[in-house]
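I have placed the structure first, in the form of structure tokens, so that the comments after it can refer back to it.
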Amino acid sequence: MLNLNSMKLLLQIVSLLLLSNISLGQVRYDSIPVKENGVLLTNPWAGGLNFCQFSAADLNNDGLLDLVVIDNSSIKISTFINGGTLDSVDYTYANEYRSIFPVAEEFVRLIDYDKDGISDLFMSHGYIITVYKGYYDGDTLRFALAKDSLMNTTNGSTPIYVGALDVPDIVDVNNDGD
């Protein structure tokens, strides 16, 4: 049986543990430095990469092409900001830019299809290609739905089907602007 003093002590310990857990939960995990054999690792919280596509897009409207990595095995998008160091690879993991992308199901492609200098977004939802127009909201790239279903108009008008493992290339093969 616990006496009154023991119960008070137990309550204080539980309260202290809860408060310490709350304060630790407010620390961003990707801001904690990681060392291996005494050497500070670059981008240790960026995660692993499996079946990836790499795209360039100016995520922060600074005139430099940043790196967008799409892991097609999990449809995880990782974003890296270009630091602009001449003659050097200078990308920093920037998890906060992941939220600018709509949820994808199969593939993601960044292509400036309308040649306005801003990356546009092609992705699939339910095996159908969806198109988003890129634009800037201040210093951040954003996407607005342009076409919810890309259509094949050769024989009628049917959505273009993309299989779950397919990653189509979207290109103007004859350079006529279509």
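Heads up: numbering here begins at 1 and tracks the sequence.
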Find out whether [X] and [Y] are in side-chain contact, i.e. whether some heavy atom of one side chain is under 4.5 Å from a heavy atom of the other.
{"X": "R109", "Y": "M123", "value": "no"}
{"X": "K133", "Y": "D116", "value": "yes"}
{"X": "T85", "Y": "Y91", "value": "no"}
{"X": "K76", "Y": "I70", "value": "no"}
{"X": "D172", "Y": "N174", "value": "yes"}
{"X": "S149", "Y": "M151", "value": "yes"}
{"X": "I128", "Y": "I160", "value": "no"}
{"X": "T140", "Y": "N60", "value": "no"}

Taking atom OH of Y161 as the centre, does the number of heavy atoms from other residues, nucleotides or ligands within less than 6.0 Å exceed 12? yes
Residue pair F80, D66: steps toward the side chain to side chain contact (heavy atoms under 4.5 Å, CB included) verdict: CA-CA 6 Å; F80 299 82; D66 305 305; over 6 Å; no
Aromatic ring proximity F122/Y132, centre distance under 6.0 Å: no
The side-chain hydrogen bond (donor to acceptor under 3.5 Å, both in side chains) partners of T154 (sequence neighbours excluded) come to N152
Testing the 3.5 Å rule here: is there a donor-acceptor pair between the side chains of Y93 and N95? yes
Grab the two heavy atoms, one from [X] and one from [Y], that are nearest each other, plus how far apart they are.
{"X": "K35", "Y": "G38", "value": "CD-O, 4.1 Å"}
{"X": "Y97", "Y": "L59", "value": "CE2-O, 3.6 Å"}
{"X": "Y136", "Y": "D58", "value": "OH-O, 2.7 Å"}
{"X": "D148", "Y": "T130", "value": "O-OG1, 3.3 Å"}
{"X": "F143", "Y": "L110", "value": "CZ-CD2, 3.8 Å"}
{"X": "A57", "Y": "L141", "value": "CB-CD2, 4.3 Å"}

To the closest 0.5 Å, what do you measure between [atom1] ([X]) and [atom2] ([Y])?
{"X": "I81", "Y": "L67", "atom1": "CD1", "atom2": "CG", "value": "9.5 Å"}
{"X": "F54", "Y": "S78", "atom1": "CZ", "atom2": "OG", "value": "9.5 Å"}
{"X": "L65", "Y": "S55", "atom1": "CG", "atom2": "OG", "value": "11.0 Å"}

Find out if a path of hydrophobic residues (ILVMFWY) with successive side-chain heavy-atom gaps under 4.5 Å connects I129 to V103. no
With sequence neighbours left out, what residues match D90 under salt bridge (charged side-chain N to carboxylate O under 4.0 Å, His left out)? none
Checking side chain to side chain contact (heavy atoms under 4.5 Å, CB included) against L121, which of V131, L145, I111, V108 comes through? V108
